[in-house]
Amino acid sequence: MALLEVEDLHVEFRTRDGVARVLNGVSYHVDAGETLAVLGESGSGKSVTAQAVMGILDTPPAFVTHGEVRFKDEDLLKMSDEKRRETRASGIAMVFQDALSALNPVFTVGFQIEEQLRVRRGMSKADARKRAIELLDQVKIPNAAQRVREYPHQFSGGMRQRAMIAMSLALDPEVLIADEPTTALDVTVQAQIMDLLAELQRERKMAMILITHDLGVVAEVADRIAVMYAGRIVEQADAVTLFRTPGHPYTAALMDSMPRLDQKGTELNTIKGLPPNLLKIPSGCPFHPRCPRRQDICSVDVPRQHNLGLGHVSACHFAEEVVGG
Amino acid sequence: MGRYVLRRLFQMIPVFIGTTFLIYALVWAVPGDPFAGKCGERPCPDQYVSAMRAQFNMDDPLVVQYGKYLLNLLQGDFGKTFSGTEVIDRISVTFPVTVRLAIVALIIEAIIGISAGIVSGLRNRGFLDSLVLVSTLFLISLPVFVTGSVIQLVFGIQLGWISPTVKGTGFADLIVPGFVLASLSMAYVARLTRASIGESRRADYVRTANAKGLPVSRVVGVHMLRNSLIPVITFLGTDLGAFMGGAIVTEGIFNVPGIGGLIYKSIQTKEGVMVTGLVTLLVLVYLLMTLLVDLLYAVLDPRIRYE
Amino acid sequence: MSDPTAATSEAVAEVGGGAALGKPRGLLGDAWRELRVRPLFWISVTIIAIVVLIALFPGLFTHADPNLGILSRSRKPPSGEAWFGYDTQGYDVYARAIYGTRASLLVGLLATVGVVILGSVFGILAGFYGGWLDAVLSRISDIFVGIPFVLGAIVILTSLNTAGNTSGVRIVTLVVLSIAALSWPVAMRIMRSAAITAKQQDYVKAARALGASPRRIIVQHMLPNCLAPVLVYSTIALGAFIGAEATLSYLGVGLRNPVVSWGVMINDAKDYIRVAPHALLFPSAFLTVTVLAFVMLGDAVREALDPKLR
């Protein structure tokens, strides 16, 4: 039994232009003390999965049509609203991408951290303030006692993301979902934030789901990686295996498109074509229009998950050949 | 902050002078005999006319006249009417009535407008939302004198639930005229609140608040409202000034003895000093309210800092 | 966010005109597709078409003479013979309401044209050039905004509209001018903030970099993009100005005999509201429905133009 399991999750967006099938059977799991990276281009459904897990999808237009989200063996989707709310932040917490818009601009950072402690834990104002300062200390914000009284816009980008992380840790969650936590930041700050997240994850023995499109980030901190494409997990493996022997042409193409110092001067490989339109997902394997290994079967049959051993799974008709090179 | 206020006050001076001069010129510089009809059937005696012309500096060029008027005003002297009544005396009787009326209107506007806006903003595209949208469209389209006349006719004359004209000038007496005065802005407040709530409903910080596992009441009541009401409150602020200048029609219908009626009568009887005095006062109120609103903005939204 | 006046006029633009617009062609096409399916849009267009028809050809809608006052039928309530009854002078209320449409609509239309021209020219100049020109024009607009509308209009009209001079054209002109003089700053603020936004757009910057003359940039590049919010405002304003004319006439300073308008009728009827309410209610209904149609149209167009609301 994993700590958090997502099984066969389907989500659709009912828009005026039609129904967009954003998630088409996503399954993954994460254990305590483990970091799972969910990798994919924008629109692949990695953030939507996270929001469905948190139960913070915008409904309408988004609807969960099928699947289970089990936290400690209990299906969150079948829970009462009230009970589910109780698991938020204390069971599963989330760090958002853009802290500037994710933090409420009219309240101090301290207020926004303390609020959970007071409302959810019934702490006194003074105790909550003390704890908020501790949390800001833990995420290495200098001068925390002072800064707790400041507003989000008075923080620099990196400091703001640290405050966001402190806020997500306030109720000591067992699972932390970090949704592109470094995308909005300067390159120099990105590494610091990633190090901080990795360190906090180790210290607190949390499970962490790291959503990203950055392969470099993944390589450093992930134990396991799930690659998403068009609302499906197309490949899952432990980090070392995935980098060494990718089992899906999409993963292989992603690796290829990474700039490498040892190939300076040669042209960068790109993935041809555009990400699929979710209103009209291609038949069969959704990646087939862009796939270099495309055969006739790819546009007809949806590939099943091929087990490549040791938890390495790929949804490609020719997974074994891809691994073989 | 202090320097900002000073700068703003300084910027207000030309606007204040411009506005009051415009009104002064319109009242005093137009062709026609200001003394026509002042002395009954006969034309006024020359002696009276020349005394009056001297008292109101009417033989000076317009700009000089205006300058002298402004100098007196700065010393708190609003001047006397042709018949010798101190303008300030009349203002001190009528002005508080209009202020009370404007406050009553503001309270009604805020309570009804904001609640309607919240209800409709939270239930985007439901029945209540459509109801609010359609009724605000109606309120916006109904001229105040129609609303006032119809309310007076139906509730005052036909049903007899209310007195067709006000009986006193206390807050309770002014509820019906206050409602009529507020009706148009009420619709704007409801729509502004609705749009503002609709915007913050989709805001990332609301999603964050939900992810923190806060109760819905707190997400809406604290995180959404605190943001959504910033533009609404500033709108309400400017409206207080607008109400006082726009009360003429309402005061007329319900016979409220405020400055609206006084201005109207003074314009009709060509009591220039009274008109300019009252307009000056209203402009001053308007300007100070806009400054107050800007300062309020900074208090409500910590991102705004005035240097 | 340190300039509060910019913030206020943006709020006005938001309320009155919607956000500034990126690409005109695609957006207009989208807006039209959006509008086509809205019942409120078609209802308002239909009402406006009928009202315009009435204004152009009042004779098609009634055979009664609007200026035939027969005192013996004074204040008679609605009947089959006169649908809306007779007013205190014995005029046929329905016939007068039909013939009054023209003046009411004309005043609204002319005032709107005046406001849009004045406001757009000043607004786009202030927004494009900025600096001292912007400061001066903005302060001038502040001066006019500071005067409460009804109050200002009464002062202007009583001062200039001296009794004895009763030519219809002169009265209409004065009412139009006073409405326009007191309302142009709103249009200017909307135009100004739209122009400031447009100026920041890359295509305007590109045109400047290529050395296009200011005149060409304003007319060719900025005007088409800034006009939409002003036009939305003007639709709503047209309704509002029809209401303003009625308010001024109601107060006895706007239109008056021999001109017939809804406001004039309401003014005639207000003193007899207890005995002949129909003489007040019917022109009020004409007025309200017309204003409503323009406000609804403006509202629908604004929503269609604003991608945020979709």
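Just so we're clear, the structure is a prediction, and the values are computed from it rather than from any experiment.
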Which portion of B:Val134 sits near chain C, non-hydrogen atoms under 4.5 angstrom | neither

Enter the distance from B:Ser141:OG to C:Phe294:CZ here, rounded to the nearest 0.5 Å.
-> 11.5 Å

Select one option (side chain, backbone, both, neither) describing which atoms of C:Ile140 are under 4.5 Å from chain B's heavy atoms.
-> neither

Any side-chain heavy atom of C:Asp299 within less than 4.5 Å of one from B:Arg191?
-> yes

For residues C:Gly243 and B:Pro143, report the shortest heavy-atom separation together with the two atoms involved.
-> CA-CG, 4.4 Å

Is it the backbone or the side chain of B:Leu282 that comes under 4.5 Å from a heavy atom of chain C, or both, or neither?
-> side chain

Please confirm whether the backbone N or O of C:Ile143 pairs with a side-chain atom of B:Thr19, one donor and one acceptor, at under 3.5 Å?
-> yes

Heavy-atom contact with chain B under 4.5 Å, split by part of C:Phe149 = neither

Honestly, the part of C:Leu280 sitting under 4.5 Å from a heavy atom of chain B is side chain

pair B:Tyr286-C:Val145: side-chain heavy atoms closer than 4.5 Å | yes

Kindly say whether C:Leu251 contributes a backbone atom to a donor-acceptor pair with the side chain of B:Tyr264 at under 3.5 angstrom?
-> yes

Heavy atoms only: give me the nearest C:Gly146-B:Val283 pair and the separation to one decimal.
-> O-CG2, 3.8 Å

Derivation of the side chain to side chain contact (heavy atoms under 4.5 Å, CB included) call for B:Phe138 and C:Val295 = CA-CA 9 Å; B:Phe138 250 102; C:Val295 173; over 6 Å; no

Check the pair B:Phe145 / C:Leu287 against side chain to side chain contact (heavy atoms under 4.5 Å, CB included), numbers first and verdict last.
-> CA-CA 12 Å; B:Phe145 67 91; C:Leu287 174 69; 4.0 Å; yes

Among B:Ile253, B:Leu278, B:Ile248, B:Val279, which has the most heavy-atom pairs under 4.5 Å with chain C?
-> B:Ile248

Honestly, the part of C:Ile242 sitting under 4.5 Å from a heavy atom of chain B is neither

In sequence, state the C-alpha distance, the side-chain angles, and the governing distance for B:Ile23 and C:Ile147, and then conclude on side chain to side chain contact (heavy atoms under 4.5 Å, CB included).
-> CA-CA 9 Å; B:Ile23 294 291; C:Ile147 305 173; 4.1 Å; yes

Find the distance between CD1 (B:Ile267) and CD1 (C:Ile154) and round it off to the nearest 0.5 Å.
-> 5.0 Å

Most heavy-atom pairs under 4.5 angstrom with chain C, which of B:Leu133, B:Val249, B:Ile140, B:Val275?
-> B:Val249

